[in-house]
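Okay, structure first, notes after.
Just so it is clear, the values below take in all heavy atoms, side chains as well, and ignore hydrogens, waters and symmetry mates.
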Amino acid sequence: MQVWDDRATWNDLPNRFEAGTPAIVEAAGLHAAIDYVQEIGLDAINAHEHALLEHATELLNEIDGLTIYGTAPGKAGILSFDVDGVHPHDLGTIVDREGVAVRVGQHCAEPLMGRLGVFALTRASLGLYNTHEDVEALARAVRTAKEFFS
């Protein structure tokens, strides 16, 4: 394709609808990510995330007034929870100030939230890049928030 001030030439279909440079860098990054995951192995990643989930569940269950939602066996490394007397948005702010990233809100699950009788929840997502130290930092941060609002 070529472009001038008064005219242009067009490629044949379907290529004429491809604007700009293809996402070459993104494709290379995806290739590297796939290689990385395959090198570690999906079973090893699952085992790591499951160990983190068990550790986080144990630590959070020790906090009075904290309720974890979704405890099915074989679940992914995600913990949705609330703390009595602490709005999830306030909890998220304090936890963030402690250096721990969580999400708060309805998580695109408004019907489920209604069924559970909660307005919003706090959610921690655990992945391959997380450590047991991260899980301990989460529990400490939640305790700090709970103490702040007590």
Side-chain angles (χ1 to χ4, degrees), residues 11-150:
N11 209 339
D12 294 331
L13 290 174
N15 296 327
R16 76 169 51 184
F17 298 115
E18 296 292 327
T21 304
I24 297 167
V25 172
E26 293 85 348
L30 177 60
H31 185 271
I34 291 169
D35 286 348
Y36 179 69
V37 167
Q38 287 179 331
E39 181 180 320
I40 295 169
L42 292 177
D43 289 339
I45 293 170
N46 184 49
H48 175 74
E49 291 177 1
H50 183 72
L52 292 175
L53 178 64
E54 284 185 336
H55 190 192
T57 300
E58 177 183 326
L59 292 176
L60 292 181
N61 275 332
E62 293 173 356
I63 300 173
D64 288 334
L66 187 144
T67 303
I68 295 175
Y69 292 84
T71 57
K75 68 178 260 155
I78 296 175
L79 285 163
S80 296
F81 58 93
D82 67 0
V83 177
D84 290 344
V86 184
H87 191 284
H89 292 110
D90 294 331
L91 181 62
T93 297
I94 300 296
V95 169
D96 177 64
R97 289 183 181 170
E98 294 295 312
V100 178
V102 295
R103 297 289 309 255
V104 297
Q106 295 185 327
H107 313 294
C108 299
E110 291 86 348
L112 176 60
M113 297 289 175
R115 176 134 187 191
L116 294 173
V118 295
F119 175 74
L121 293 173
T122 302
R123 183 182 73 204
S125 301
L126 307 169
L128 173 62
Y129 46 82
N130 290 116
T131 65
H132 287 278
E133 290 79 17
D134 294 334
V135 167
E136 291 160 7
L138 169 66
R140 278 193 307 273
V142 171
R143 280 193 178 92
T144 297
K146 186 174 186 289
E147 289 170 12
F148 181 84
F149 289 103
S150 293

| field | D134 side-chain N/O to T131 backbone N/O, donor-acceptor pair under 3.5 Å | value |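 Between the backbone of T131 and the side chain of D134 there is a qualifying donor-acceptor contact (under 3.5 Å).
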| message | Can a donor-acceptor pair be found, under 3.5 Å and without considering hydrogens, that links the side chain of H107 to the backbone of A109? | response |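 The answer is no, because no donor-acceptor pair under 3.5 Å joins these two groups.
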| request: Go through the side-chain N and O atoms of H50 and E54 and say whether any donor and acceptor fall under 3.5 Å apart. | output: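 Note: H50 and E54 side chains meet the donor-acceptor criterion.
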Can you tell if the side chain of [X] reaches within under 4.5 Å of the side chain of [Y], non-hydrogen atoms only?
X    : Y    : answer
L138 : L60  : yes
L121 : P88  : no
D35  : H31  : yes
D96  : V102 : no
R103 : T122 : no
T71  : T57  : no
K146 : D64  : yes
L126 : V135 : yes

Determine the minimum heavy-atom distance between [X] and [Y], stating which atoms define it.
X    : Y    : value
F81  : Y69  : CA-CD1, 4.2 Å
I78  : S125 : CG1-OG, 4.2 Å
F119 : Q106 : O-NE2, 3.0 Å
A141 : I94  : O-CG2, 4.5 Å
S80  : R123 : OG-CG, 3.8 Å
A145 : L91  : CB-CD1, 3.3 Å

First locate atom [atom1] of [X], then atom [atom2] of [Y], and finally report the distance between them rounded to the nearest 0.5 Å.
X    : Y    : atom1 : atom2 : answer
N130 : H48  : CG    : NE2   : 6.5 Å
D84  : S150 : CG    : OG    : 10.5 Å
K75  : L53  : NZ    : CG    : 5.5 Å
I40  : I45  : CD1   : CD1   : 5.0 Å
Y129 : E49  : OH    : CD    : 8.0 Å
I63  : R140 : CD1   : CZ    : 11.5 Å

| task | Apply the test side chain to side chain contact (heavy atoms under 4.5 Å, CB included) to residues L128 and Y36: give CA-CA distance (whole Å), side-chain angles for both, the deciding distance (0.1 Å), then the verdict. | result | CA-CA 11 Å; L128 173 62; Y36 179 69; 3.7 Å; yes
| Whether over 12 other heavy atoms sit under 6.0 Å from L42 CG |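 Not more than 12 within 6.0 Å, no.
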| query | How about D43: does its CG atom have over 12 heavy atoms from other parts shown lying under 6.0 Å from it? | reply |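 Not more than 12 within 6.0 Å, no.
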| Between R143 and E98, is the closest basic N to carboxylate O distance under 4.0 Å? |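 A salt bridge is absent here (no side-chain N lies under 4.0 Å from a carboxylate O).
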| Run the side chain to side chain contact (heavy atoms under 4.5 Å, CB included) check on F149 and V83 step by step: do they pass? | CA-CA 10 Å; F149 289 103; V83 177; over 6 Å; no
